[in-house]
Amino acid sequence: MAEYVRVMLSEEEVDAKIQAIGDQISRDYAGKQVHLVCVLKGGSFFMCELAKRITIPVSLDFMSVSSYGSDTKSSGVVKIVKDLDEPLKDKNVIVIEDIVDSGRTLSYLLEMLKKREPASLALCTLLDKPDRRVVDVNVDYTGFEIPDEFVVGYGLDYDQRYRNLPYIGVVEFN
Ligand code: IMP
Ligand code: MG
């Protein structure tokens, strides 16, 4: 069976959207510094592109979590594989994600990060699949709302592949 990727959102569309989010964050946090927390690995491409477009001071940190359970469905039980290097206390934190799907990973993660007493805590995601939501999460910045299809590219993988695509696509088989 041949596998190919159908383009859902082109590189130009994604770039323009990231620029718009960068502008919005720079306005919303004017006069402050933002601390971007990247959820690895999926959020890394989006975070780097976004950080380049933010014009106020930025600091960065990374964390890696894994949810127990099957690979395309998250269970909501989140294990920290790599924790942040720095404390969040009194920082204006923005968590950067590739996609919010069921919302389980994010709701767990945000509750955990809130306990570290940041000055503020926001969530920014490149993609959102609202139809799939099981747990309510408040998303502050969304790139695109997409239908319930399994997407790859811009950090998102299918069996660890396709993360490096500069666009968002859907894996098809024929
Ligand atoms: P949630 O806890 O169900 O919201 O799961 C979110 C995580 O599942 C994301 O951070 C992705 O790693 C993964 N995920 C959800 N949907 C997709 C998809 O369409 N393509 C690739 N990964 C996905
Ligand atoms: Mg992810």
Side-chain angles (χ1 to χ4, degrees), residues 7-65 84-149 151-157 163-170:
V7 178
M8 178 189 275
L9 298 162
S10 70
E11 182 170 4
E12 291 72 24
E13 284 175 277
V14 176
D15 282 354
K17 187 65 80 174
I18 296 176
Q19 181 66 56
I21 297 174
D23 292 343
Q24 187 66 49
I25 288 173
S26 304
R27 279 196 297 273
D28 291 352
Y29 292 84
K32 297 176 184 161
Q33 173 167 330
V34 285
H35 188 64
L36 305 185
V37 165
C38 173
V39 184
L40 292 169
K41 301 167 187 164
S44 58
F45 289 74
F46 177 38
M47 181 168 95
C48 292
E49 292 304 316
L50 182 63
K52 281 156 61 180
R53 292 164 172 90
I54 294 175
T55 53
I56 55 170
V58 170
S59 54
L60 309 171
D61 207 346
F62 300 84
M63 72 186 305
S64 181
V65 298
L84 298 168
D85 290 338
E86 288 160 59
L88 299 182
K89 193 161 167 52
D90 301 330
K91 295 190 172 107
N92 291 299
V93 175
I94 308 179
V95 174
I96 310 292
E97 256 286 21
D98 48 3
I99 191 164
V100 183
D101 188 36
S102 71
R104 288 188 175 109
T105 312
L106 259 300
S107 71
Y108 185 95
L109 196 64
L110 290 173
E111 280 311 309
M112 196 191 73
L113 297 180
K114 220 179 268 174
K115 296 193 183 113
R116 301 184 186 187
E117 301 178 342
S120 63
L121 182 62
L123 171 61
C124 174
T125 184
L126 179 60
L127 303 173
D128 188 358
K129 283 187 200 169
D131 297 346
R132 298 259 308 167
R133 199 72 91 254
V134 174
V135 182
D136 214 26
V137 264
N138 185 38
V139 185
D140 300 277
Y141 302 94
T142 305
F144 302 92
E145 289 194 354
I146 60 165
D148 182 12
E149 289 189 275
V151 289
V152 295
Y154 237 95
L156 290 150
D157 73 301
R163 290 191 197 275
N164 58 320
L165 294 180
Y167 53 87
I168 302 293
V170 179

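In this chain, numbering begins with 1 at the start of the sequence shown.
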Over all heavy atoms of both residues, which pair between [X] and [Y] is shortest? Give the atoms and the distance, please.
| X | Y | result |
| --- | --- | --- |
| Val152 | Asp157 | CG1-C, 3.9 Å |
| Pro130 | Asp128 | CD-O, 3.1 Å |
| Val37 | Met47 | C-SD, 4.4 Å |
| Pro166 | Tyr154 | O-CE1, 3.4 Å |
| Asn92 | Ala119 | OD1-CB, 3.8 Å |
| Tyr167 | Ser10 | CB-C, 3.9 Å |

Strictly by salt bridge (Lys or Arg N to Asp or Glu O under 4.0 Å), give each pair with a member in [range] just once, sequence neighbours left out.
| range | value |
| --- | --- |
| residues 21-35 | none |
| residues 106-126 | Asp83-Arg116, Lys89-Glu117, Glu111-Lys114 |
| residues 11-22 | none |
| residues 49-65 | Glu49-Lys52, Glu49-Arg53 |

By side-chain hydrogen bond (donor to acceptor under 3.5 Å, both in side chains) - contacts of Ser64 (at least two apart): none
Geometric class of the Tyr141/Tyr29 ring pair [parallel <30°, tilted 30-60°, perpendicular >60°]: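 Tilted.
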Spell out, as yes or no, whether a donor-acceptor pair under 3.5 Å connects the side chain of [X] to the backbone of [Y].
| X | Y | answer |
| --- | --- | --- |
| Thr142 | Phe144 | no |
| Ser26 | Thr55 | yes |
| Lys129 | Ser102 | no |
| Arg133 | Asp101 | yes |

Distance (rounded to the nearest 0.5 Å) between [X] [atom1] and [Y] [atom2]:
| X | Y | atom1 | atom2 | value |
| --- | --- | --- | --- | --- |
| Ile168 | Ile146 | CD1 | CD1 | 7.5 Å |
| Leu60 | Glu86 | CG | CD | 9.5 Å |
| Ile21 | Ile96 | CD1 | CD1 | 8.5 Å |
| Leu156 | Phe45 | CG | CZ | 10.0 Å |
| Leu113 | Lys91 | CG | NZ | 12.0 Å |
| Leu109 | Met63 | CG | CE | 5.0 Å |

Pair Asp98 + Lys41: basic N to acidic O under 4.0 Å: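 No.
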Derivation of the side-chain contact (heavy atoms from CB on, under 4.5 Å) call for Ile94 and Leu50: CA-CA 11 Å; Ile94 308 179; Leu50 182 63; over 6 Å; no
Could you check if a side-chain atom of [X] sits within less than 4.5 angstrom of a side-chain atom of [Y], using non-hydrogen atoms only?
| X | Y | result |
| --- | --- | --- |
| Arg163 | Ser44 | no |
| Thr125 | Leu106 | no |
| Leu127 | Leu9 | yes |

Whether over 12 other heavy atoms sit under 6.0 Å from Asp148 CG: yes
Candidate pair Val14 and Leu126, rule side-chain contact (heavy atoms from CB on, under 4.5 Å), full reasoning: CA-CA 9 Å; Val14 176; Leu126 179 60; 4.3 Å; yes
Partner residues of Asn138 under the side-chain contact (heavy atoms from CB on, under 4.5 Å) criterion, sequence neighbours left out: Asp140
